[in-house]
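In this text, all values refer to a predicted model and were calculated from it rather than measured experimentally. Order of the sequence lines fixes the chain letters, A, B, ..., with proteins taken first and strands second; residue numbering starts at 1 for each chain. FYI, side chains are in, hydrogens and waters are out, and symmetry mates aren't considered; it's all heavy atoms of this structure.
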Number of protein chains: 2
Amino acid sequence: MSTQVNLENTQQQMRKGILEFVILSVLARNDAYTSDIIAELKKAQLIVVEGTLYPLLTRLKNGGLLTYRWEESTQGPPRKYYALTEEGRNFLVALKSTWEELTIAVDHISKNN
Amino acid sequence: MSTQVNLENTQQQMRKGILEFVILSVLARNDAYTSDIIAELKKAQLIVVEGTLYPLLTRLKNGGLLTYRWEESTQGPPRKYYALTEEGRNFLVALKSTWEELTIAVDHISKNN
DNA sequence: AATCAGTACTATGCAATACAAAGTACTGGA
DNA sequence: TCCAGTACTTTGTATTGCATAGTACTGATT
């Protein structure tokens, strides 16, 4: 068994590509800052780390799907609260559709064995 | 909207990571050579191209999850038929479980919006 | 006032993989 | 012999999750 093909790696590779969808989904309900988002994902058994999340949020913000505002915190430094733009909401609708098509396709194939 | 965040790219990124699972699933039913695999996936609305498939099959073979045999063809050059190893079957079971956990997590998050 | 722990954000290098593209090789038919 | 169709191999590129290193802010403690 080579280092490349092992369960952990494959699980990680499976996470690639879906985090945009997942993050946008979390923010569709409520504005949130990073620790909120991480906690929300963790509740759903999806572990995402800050080294992933920050660049992702920045990318989505730069792409026009998110906006943010600073908010003072009584528990530490200021927090950056992210929110979906209208464009972000539209994009999320398309992503949800894509996800559904993908899972149907995969389930169809994997159920055949 | 930057080049990085567009639907096509995101759809492609969503495919990353699941193709191992999908290919092993196809081969769990029957030995197959590449065009068979591509056709099977296409039937399920999953388009995969040869530049992706060949290196992937090689990787899985090198990792001990697949074996292959050559078979003469009356329609052209010989074909390389791949089959799951015992190890491949075990790995597939784990992948299926992982996929289910992932979809449950994602659906849970996306259904909340 | 200075220090520290906890909290929050930023940046970067690495590993892995889907894909486009280029190329090699085999077979039967023209 | 040449060609089209078929099958396989290789490689470079773009993208992204993660580990890691670092910066910055705040309130509490010394």
A.B. asks: Measure CD/B/Gln12 against P/D/dT16 and give the value in whole Å, please.
C.D. replies: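 The answer, rounded to whole Å, is 9 Å.
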
A.B. asks: When we call it a touch if two heavy atoms are under 4.0 Å apart, what does B/Lys80 touch: a base, just sugar-phosphate, or nothing?
C.D. replies: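 Contact class for B/Lys80: sugar-phosphate only.
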
A.B. asks: Looking at A/Asn9, I'd like to know whether one of its side-chain N or O atoms comes within less than 4.0 Å of OP1 or OP2 on C/dT17.
C.D. replies: yes

A.B. asks: Nearest-Å distance, CD1 (B/Ile23) to P (C/dT17)?
C.D. replies: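 Atom-to-atom, B/Ile23 to C/dT17, this comes out as 13 Å.
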
A.B. asks: Taking the minimum atom-to-atom distance to the side chain of B/Tyr82, which one of C/dT10, D/dT9, D/dA19 wins?
C.D. replies: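 Among C/dT10, D/dT9, D/dA19, the one nearest the side chain of B/Tyr82 is D/dT9.
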
A.B. asks: Under 4.0 Å between a side-chain N or O of B/Arg59 and OP1 or OP2 of C/dT17?
C.D. replies: yes

A.B. asks: Rounded to the nearest angstrom, tell me the gap between atom NZ in A/Lys61 and atom P in C/dA11.
C.D. replies: 10 Å

A.B. asks: Just checking B/Pro55: base, sugar-phosphate only, or nothing, at a heavy-atom cut-off of under 4.0 Å?
C.D. replies: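 Touches a base.
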
A.B. asks: Is any side-chain heavy atom of B/Glu40 closer than 4.5 Å to a side-chain heavy atom of B/Lys43?
C.D. replies: yes

A.B. asks: By nearest nucleotide on DNA chain C, pick out whichever of A/Arg79 and A/Gly51 is the more 5' one.
C.D. replies: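 Here A/Arg79 is the residue nearer the 5' end.
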
A.B. asks: Tell me whether B/Thr67 contacts the main-chain N or O of B/Thr85 through its side chain, where contact means a donor paired with an acceptor under 3.5 Å.
C.D. replies: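 Not a single qualifying donor-acceptor pair exists.
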
A.B. asks: Please report, rounded to the nearest Å, how far the C1' atom of C/dT7 is from the CG atom of A/Asp36.
C.D. replies: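 So the two atoms are 13 Å apart, to the nearest Å.
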
A.B. asks: A/Met14 has an atom CE; how far is it from atom P of C/dA18, in whole Å?
C.D. replies: 11 Å

A.B. asks: Using a cut-off of less than 4.0 Å, is there contact between a side-chain N or O of A/Arg15 and OP1 or OP2 of D/dC18?
C.D. replies: yes

A.B. asks: From the set D/dG17, C/dA16, C/dA8, return the single nucleotide nearest to any side-chain atom of A/Leu56.
C.D. replies: D/dG17

A.B. asks: May I ask you to verify if any side-chain N or O of A/Tyr33 is less than 4.0 angstrom from the OP1 or OP2 atom of C/dA8?
C.D. replies: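 For C/dA8, OP1 or OP2 has a side-chain N or O of A/Tyr33 closer than 4.0 Å.
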
A.B. asks: Here's a test of your reading of the structure: between A/Gln13 and A/Tyr81, which maps to the more 5' nucleotide of DNA chain C?
C.D. replies: A/Tyr81

A.B. asks: Please step through side chain to side chain contact (heavy atoms under 4.5 Å, CB included) for the pair B/Thr10 and A/Phe91, ending with a clear verdict.
C.D. replies: CA-CA 10 Å; B/Thr10 302; A/Phe91 197 71; 3.7 Å; yes

A.B. asks: Counting side-chain heavy atoms from CB outward, which of D/dC18, D/dC25, C/dA15 is closest to A/Lys16?
C.D. replies: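 Ranking D/dC18, D/dC25, C/dA15 by closest atom to the A/Lys16 side chain puts C/dA15 first.
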
A.B. asks: Compare the minimum distances between each of C/dC26, C/dC19, D/dA21 and the side chain of A/Glu50, then state the nucleotide with the smallest one.
C.D. replies: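 Comparing C/dC26, C/dC19, D/dA21 against the side chain of A/Glu50, the answer is D/dA21.
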
A.B. asks: Within the structure provided, determine whether B/Tyr68 and B/Lys61 are in side-chain contact (heavy-atom separation under 4.5 Å).
C.D. replies: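 Side-chain contact under 4.5 Å: yes.
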
A.B. asks: Rounded to whole Å, how long is the line connecting atom CD1 of B/Ile47 with atom C1' of C/dA20?
C.D. replies: 16 Å

A.B. asks: Report the distance from atom CH2 of B/Trp70 to atom C1' of C/dA25, rounded to the nearest whole Å.
C.D. replies: 10 Å

A.B. asks: Measuring from B/Leu27:CG to B/Leu60:CG, what's the distance to the nearest 0.5 Å?
C.D. replies: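 These two atoms lie 8.5 Å from each other.
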
A.B. asks: Regarding A/Ser35, tell me which of base, sugar-phosphate or nothing describes its non-hydrogen contacts under 4.0 Å with the strands shown.
C.D. replies: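 Sugar-phosphate: the residue A/Ser35, judged by heavy atoms under 4.0 Å, touches backbone atoms but no base.
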
A.B. asks: Rounded to the nearest 0.5 Å, what separates atom CD in A/Glu50 from atom CG in A/Leu56?
C.D. replies: 13.5 Å

A.B. asks: Could you work out which one of D/dA19, C/dA8, D/dT6 sits closest to the side chain of A/Pro77?
C.D. replies: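 Between D/dA19, C/dA8, D/dT6, the one nearest the side chain of A/Pro77 would be C/dA8.
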
A.B. asks: So what does B/Thr74 touch, heavy atoms closer than 4.0 Å: a base, only the sugar-phosphate, or nothing?
C.D. replies: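 Since only primed, P, OP1 and OP2 atoms lie under 4.0 Å of B/Thr74, the category is sugar-phosphate.
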
A.B. asks: For B/Glu72, answer base if it contacts any base atom (sugar-phosphate contacts may also be present), sugar-phosphate if it contacts only those atoms, and nothing otherwise; contact means non-hydrogen atoms under 4.0 Å.
C.D. replies: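 Here B/Glu72 touches the backbone only, sparing every base.
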
A.B. asks: Rounded to the Å, how far apart are A/Glu8 CD and C/dA15 P?
C.D. replies: 16 Å

